[in-house]
Each structure stands twice: as C-alpha cells, then as structure tokens.
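Notes to accompany the following structure.
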Amino acid sequence: MQPADIAPKDRLIVALDLPGVTEAEAMIARLGDSVSFYKIGYQLAYAGGLPLVQQLAKSGKKVFVDLKLHDIGNTVARGVESVAKLGATFLTVHAYPQTMKAAVEARSGSGLKILAVTVLTSYDDGDLHAAGYRLNVSDLVEARAQQAQVLGVDGLVSSPEEAAALRKIVGHQMNLVTPGIRPAGTATGDQKRIMTPARAIAAGADYLVVGRPITEAADPRAAADAVQAEIRQALG
Ligand SMILES: O=C(O)c1cc(=O)[nH]c(=O)n1[C@@H]1O[C@H](COP(=O)(O)O)[C@@H](O)[C@H]1O
C-alpha cells in the first residue's frame with residue numbers, strides 16, 4: 001500500500017498491552033471510533049487474546065499481530081499460515097534472512113503483510129554491542145532493511161529516528177511502522193529511540209504504534225484523539 005492510500009485515522013495503531021481480554025475489550029470500548037487499528041502482542045496473546053483478532057477484524061477494525069516470530073524456517077512458515085487465517089493485517093517477525101524468507105513465502109496468497117523488526121526501539125548502540133553486534137543501530141537497521149526489501153517483506157518496524165533514512169533506501173514500496181512514539185510530556189519508560197507523533201510523521205513514518213501513552217492515560221480516548229489530531233496536522 002502506498003502511504004498516500006493510508007487513511008489518516010488508520011495511521012495510529014494502539015498497542016493493547018493489557019493483562020486480559022476483559023481489559024482489552026474495555027479499552028476498545030473506551031476508545032470507540034477514535035481508533036481503527038489495534039496491536040495484539042505477547043501480553044494479550046498469551047492471555048487468551050488471539051480470538052480477539054478475528055472479533056476485531058469482523059467489527060471492521062484492523063489488527064496487527066505482534067508475535068515477533070524467529071525460529072527455523074519451517075516453524076516460522078507454519079506459524080505464519082496459522083496467523084494468516086485470523087484475518088490480521090500485519091504480523092511481525094525478526095529481521096533475520098531465513099525467518100523473513102520463510103514468512104514471506106508462507107503469507108503469499110493471504111491478505112497478511114509481514115513486518116520485519118529491524119532493531120528494537122529499546123536498544124541503543126551500547127545494547128547492541130552488549131548483545132555481540134559490531135554494527136551501530138543505524139547501520140544495522142539499514143542493513144536489515146536492505147535484506148528485507150530483497151526478500152519481498154512488506155514493511156519495516158523501526159524507531160522514527162531511522163524513518164527518513166529508511167525511506168531513502170526502500171522508497172514507498174514498504175510500509176514504515178514506528179513504535180517509540182512519545183507525545184510531548186509523556187513518560188519515556190523503557191524506550192530509548194523516541195519521537196513525538198508529529199515528528200515521526202514528518203520523518204516519513206506510515207504508521208505510529210502507541211501503547212502506554214494512550215492505555216495508561218487518565219483519559220485514553222482524549223489521549224488517542226490528541227495523537228490523531230497531531231498526525232492530521234503533520235500530514236497537512
Ligand atoms: O514490534 C513492535 O511493535 C515493537 C518494536 C519495537 O522495536 N519497539 C516496540 O516498542 N514495539 C512494540 O510497540 C509497543 C510500544 O508500546 P509503548 O512503549 O507502551 O508505546 C509495544 O507493544 C512494543 O512491544
């Protein structure tokens with residue numbers, strides 16, 4: 001999908017990082033029509049949240065299944081086939097060549113798009129070096145983006161800090177999905193490579209993933225509306 005084709009409202013993806021289905025359904029009801037795209041990750045998926053993918057898709061919402069798959073190729077492929085049946089829009093895998101290749105092959109013919117996680121937004125250069133990598137964050141993000149593009153991956157997950165450089169590499173052929181979003185004045189938490197919604201859109205991000213700044217706000221709907229307004233303003 002070309003960025004121009006993305007409805008402004010769909011550019012905000014709210015991470016439902018909540019303890020269970022009851023809490024997730026309450027949050028979805030609270031956010032109402034201000035949010036059209038949700039992400040279900042480890043916490044909710046492992047607490048019985050996967051059926052919510054089909055439920056949300058049936059109700060007209062889009063769903064990003066964030067399982068960050070990484071395993072031998074056959075296991076990744078079979079996992080992708082199962083997720084494709086749920087009706088999700090996006091699924092994450094880690095940006096390792098075998099994993100990306102298996103995921104892309106397994107999703108073909110379905111409506112599911114594969115997103116490759118380049119370098120987690122909670123990592124800086126020191127964290128990468130501690131994990132045994134010799135490249136710094138920006139070089140590793142760019143190298144992985146190039147590999148992902150060659151392998152036919154549909155989109156990239158990175159910090160908005162890398163969005164402008166990634167856009168130069170992949171053009172508009174791949175979706176750029178950016179967590180590490182922090183509206184002005186909100187707590188950084190464990191994120192290290194962050195930007196405000198407006199700056200992320202200006203840098204070229206297609207989709208912004210926002211969790212705690214919305215779900216832990218005193219008024220989540222007002223927080224989501226504020227992010228949506230910032231996105232619309234940045235899009236001009
Ligand atoms: O794949 C992701 O969505 C992801 C990748 C990444 O590099 N960093 C990152 O924070 N995420 C996810 O994005 C969400 C960010 O949540 P908040 O930090 O609460 O806004 C979480 O659900 C993370 O799992």
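Order of listing sets the numbers, starting from 1, for every ligand and every atom in it. Values below: every heavy atom of this structure, side chains too, minus hydrogens, waters and symmetry copies.
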Where ligand 1 meets Val157 - atom numbers and elements under 4.0 angstrom, heavy-atom basis:
1 (O), 5 (C)

Closest approach of any protein heavy atom to atom 15 (C) of ligand 1, naming residue and atom:
Gln191 NE2, 3.7 Å

Tell me which protein heavy atom sits closest to atom 8 (N) of ligand 1, plus the residue, atom name and distance to 0.1 Å.
Thr121 OG1, 2.7 Å

N/O separation below 3.5 Å, Gly211 to ligand 1
yes

A student comparing Leu115, Asp17, Val93 should find that the heavy atom closest to atom 21 (C) of ligand 1 comes from Asp17

May I ask you to list the residues sharing a hydrophobic cluster with Tyr46, side-chain cutoff 4.5 Å, ordered by chain and number?
Tyr42

Considering only heavy atoms of Val209, which atoms of ligand 1 have at least one such atom less than 4.0 Å away?
13 (O), 14 (C)

Could you give all pairs that pass the side chain to side chain donor-acceptor pair (under 3.5 Å) test and reach residues 47-58, with sequence neighbours left out?
Glu25-Gln55

Closer than 4.0 Å to some heavy atom of Arg212 - which atoms of ligand 1 meet that?
17 (P), 18 (O), 19 (O), 20 (O)

Please list the nearest protein heavy atom to atom 23 (C) of ligand 1 with its residue and the distance rounded to 0.1 Å.
Lys39 NZ, 3.9 Å

Check each atom of ligand 1 against the heavy atoms of Ala15 and keep those under 4.0 Å away; list them by number with element.
22 (O)

Tell me, which protein residue and heavy-atom name are nearest atom 1 (O) of ligand 1, and how many Å apart are they?
Lys68 NZ, 3.0 Å

Thr99 and His70 side chains, donor-acceptor separation under 3.5 Å
yes

Classify the ring geometry of Phe37 against Phe90: parallel below 30°, tilted from 30° to 60°, perpendicular beyond 60°.
parallel

Under 6.0 Å from the CZ atom of Arg212, do we count more than 12 heavy atoms belonging to anything else shown?
yes

Inspect the surroundings of CD in Glu81 and state if more than 12 heavy atoms from other residues, nucleotides or ligands are less than 6.0 Å away.
yes

For the pair Asp154 and Arg107, find out whether any cationic side-chain nitrogen is under 4.0 Å from an anionic carboxylate oxygen.
yes

Show me which atoms of ligand 1 lie under 4.0 Å from any heavy atom of Pro213.
20 (O)

Just checking, is any N or O donor in the side chain of Ser122 or Asp190 under 3.5 Å from an acceptor N or O on the other one?
no

Examine ligand 1 and decide if any of its atoms is less than 4.0 Å from a heavy atom belonging to Arg182.
yes

